[in-house]
A.B. asks: 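Encoded as structure tokens, here's the structure I'll be asking about.
Keep in mind that what you see is a predicted model, and the values were worked out from it rather than measured. Counting from 1, the numbers follow the sequence of the chain as shown.
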Amino acid sequence: MSIAVTRQDDVVIRFAGDSGDGMQITGNQFTDTTAKLGNDLATFPDFPAEIRAPAGTRAGVSGFQIRFSSTDIYTAGDIPDVLVAMNAAALIVNYKDVAPGGIIIANTGNFTERDLQKAKLETNPLEDGTLDGYRVIAIDINARVTEALQGSPLTSKDVLRCKNFYVLGLMYWLYSRPIEPTLEWLAAKFAKKPELADANQTALRAGYNSGDIHEVFQGRYEVVPVENALPGTYRNIMGNHAVALGLVAGAELAGLKLFLGSYPITPATDILQHLAELKEFGVITCQMEDEIAGICTAIGASYAGMLGCTTTSGPGLALKTEAIGLAIMTELPLVIVDVQRAGPSTGLPTKVEQADLLQSLFGRNSDAPLPIVSCATPADAFDCAVEACRIAVQYMTPVILLSDNYIANGAEPWRLPDMDKLPRFPAIHVTDPAGYAPYTRDAKLARPWAVPGTPGLEHRIGGLEKEHITGNVSHSPDNHQLMSELRRDKVLGVRDTIPTPEVSGPDKADLLVVGWGSTYGAIRSGTERLRREQNVSVAHLHLRHLWPLPYGLDEIFARYKQILVPELNMGQLSRLLQGEYPDHRFLHYGKVKGKPFTAREIREKITAVLEGKS
């Protein structure tokens with residue numbers, strides 16, 4: 001009997017289970033296959049904050065949400081249409097997020113009395129009415145996988161580790177996705193362990209075929225490719241990978257070799273791992289023993305004529321502050337990538353927050369200014385990394401590039417750039433000793449970059465204050481005043497080379513929503529929907545350059561009656577804007593729950609502000 005296929009324009013699926021259930025692999029494989037079919041997509045991996053949380057507990061639940069669509073989208077979705085719950089804890093943690101009437105696929109094999117106890121449940125939610133109002137598909141996936149792999153040489157424990165691919169196969173069937181890309185991936189992944197490749201491939205096929213065999217669904221669904229996508233070659237990319245490629249591209253555009261000195265820290269470690277695989281592009285990576293050593297090796301690389309960079313998160317940025325001050329004093333190009341996470345201290349290391357803005361601006365001793373650039377999406381991270389490299393090289397300054405957990409581990413389609421068309425910003429290593437002095441200035445107030453060992457260009461740098469022009473150590477009060485002003489003015493001069501950001505929406509309106517970083521998708525989706533469906537007078541402005549702030553903002557702010565600033569902190573950008581533009585009032589809207597804004601939250605806040613309720 002043929003099963004009807006219903007077309008849908010937009011679908012949100014959330015996979016949830018224990019950390020050992022392979023939910024991230026499942027989600028990533030579904031994402032890669034969906035990207036190849038030409039859908040727009042956005043993902044939100046959600047890892048447990050506790051390392052090695054006990055299996056079956058609420059603290060150990062790992063999730064992966066993907067939204068895929070036949071039209072342009074900006075977020076991973078507010079509410080899942082489908083929840084796949086691999087155990088009782090995954091169900092109870094996530095079911096309230098599912099859309100009313102949505103599908104919940106529950107693995108009954110992990111709903112034993114012991115499983116319920118570990119999830120702190122007194123009754124079975126599959127039986128006590130908790131899920132009334134949802135369409136529940138109860139499947140003993142453990143038994144199904146065990147049956148499918150009868151005769152396998154794997155142990156019973158290893159057989160059950162294949163259950164995520166059974167689920168993946170079932171979801172491929174439900175949403176008309178091909179299984180061939182994942183079959184090929186498994187063959188390559190386990191090329192040296194064919195028994196594992198065969199078992200997981202068998203589980204995948206069994207899950208796919210079960211859609212027809214067991215007839216638990218009334219129909220299948222199809223999400224067609226995006227029709228109006230810009231022509232070009234696309235690939236699926238995650239934020240950390242995009243940063244890594246952007247750093248390599250930035251070094252290439254500057255005509256420099258890239259050096260990364262870093263120390264592993266969640267959620268930035270993947271950048272180090274990606275760059276370590278790019279030695280054929282002249283990339284040198286050095287995993288150091290701590291955060292301080294990581295940045296100091298990068299400063300040394302820049303002193304030696306390379307483009308130094310270092311990666312970290314909020315706690316690591318705090319440890320690097322003294323060395324950042326050294327890079328500011330020596331005026332060497334350096335890119336510092338801060339992939340923000342929830343804090344303070346260790347905080348919630350796998351959860352999202354964008355609360356390092358003020359630390360990036362002011363978290364150093366004395367007056368130590370530097371430019372700050374912020375990514376908005378995973379694909380945007382490539383362009384922002386290139387931009388950070390440009391500023392660092394052209395202005396001989398350290399630059400902080402702010403990403404966050406949502407961007408770092410999220411994914412979306414990325415249109416590959418034409419490298420031949422990207423503007424170059426070649427670094428200049430001075431070689432002529434005639435008239436050379438280490439602290440002369442060009443039109444951008446950048447000092448000359450002399451590589452150690454160049455004949456006739458011997459010079460001194462270090463953390464002590466430098467004399468203007470000569471670079472000799474100076475304790476003169478007037479010289480310190482001058483050099484402090486030059487360092488400040490050099491950074492402020494960056495705004496001469498950055499554009500005024502464009503406003504999405506009307507040039508004049510009742511409300512302007514100003515955002516930065518990963519709030520982009522929720523704000524863009526929320527404001528567009530309010531304009532489209534309710535004709536609300538609202539616009540959106542998103543900032544890439546957080547310091548110096550670009551020209552033209554004061555004029556833009558003056559065109560709107562109210563200004564709302566949503567951010568995943570307690571009010572850092574709104575405080576900065578209020579200080580820089582005191583003639584305007586900025587309404588702060590903060591969220592610090594370790595989760596990104598949803599488009600619905602943005603819409604509700606906008607409505608409340610316009611109705612005078614907030």
A.B. asks: So, for Thr598 and Lys591, which heavy atoms are closest and what is the spacing to 0.1 Å?
C.D. replies: N-NZ, 4.5 Å

A.B. asks: Is the Tyr166 to Tyr208 ring centre distance short of 6.0 Å?
C.D. replies: no

A.B. asks: Is the ring pair Tyr74/Tyr520 parallel, tilted or perpendicular, if the boundaries are 30 and 60 degrees?
C.D. replies: perpendicular

A.B. asks: Is there a side-chain hydrogen bond (donor to acceptor under 3.5 Å, both in side chains) between Ser262 and Thr311 once you walk through the steps?
C.D. replies: CA-CA 6 Å; Ser262 194; Thr311 55; 2.6 Å; yes

A.B. asks: Minimum heavy-atom separation for Pro45 to Gln24, with atom names?
C.D. replies: CB-OE1, 3.2 Å

A.B. asks: Ring centroids only, cut at 6.0 angstrom: are Trp414 and Tyr234 within range, meaning strictly under it?
C.D. replies: no

A.B. asks: For the pair Asn28 and Asp32, evaluate side-chain hydrogen bond (donor to acceptor under 3.5 Å, both in side chains) and give the outcome as yes or no after the intermediate values.
C.D. replies: CA-CA 6 Å; Asn28 283 326; Asp32 289 344; over 6 Å; no

A.B. asks: Would you mind checking if Arg341 and Asp356 are paired as a salt bridge, meaning a charged N to carboxylate O distance below 4.0 Å?
C.D. replies: no

A.B. asks: I want to know whether Phe597 and Tyr589 have ring centres closer than 6.0 Å.
C.D. replies: yes

A.B. asks: Is there a donor-acceptor contact under 3.5 Å linking the side chains of Tyr175 and Arg220?
C.D. replies: no

A.B. asks: Under 3.5 Å, is there a donor on one side chain and an acceptor on the other for Asn39 and Arg67?
C.D. replies: no

A.B. asks: Determine the sole option in Thr519, Val352, Asp338 for which the side-chain contact (heavy atoms from CB on, under 4.5 Å) test with Asp404 is passed.
C.D. replies: Val352

A.B. asks: Among side-chain atoms of Asn107 and Asn87, is any donor-acceptor pair under 3.5 angstrom?
C.D. replies: no

A.B. asks: Looking at Glu567 and Leu573, would you say the former's side chain and the latter's main chain have a donor-acceptor pair under 3.5 Å?
C.D. replies: yes

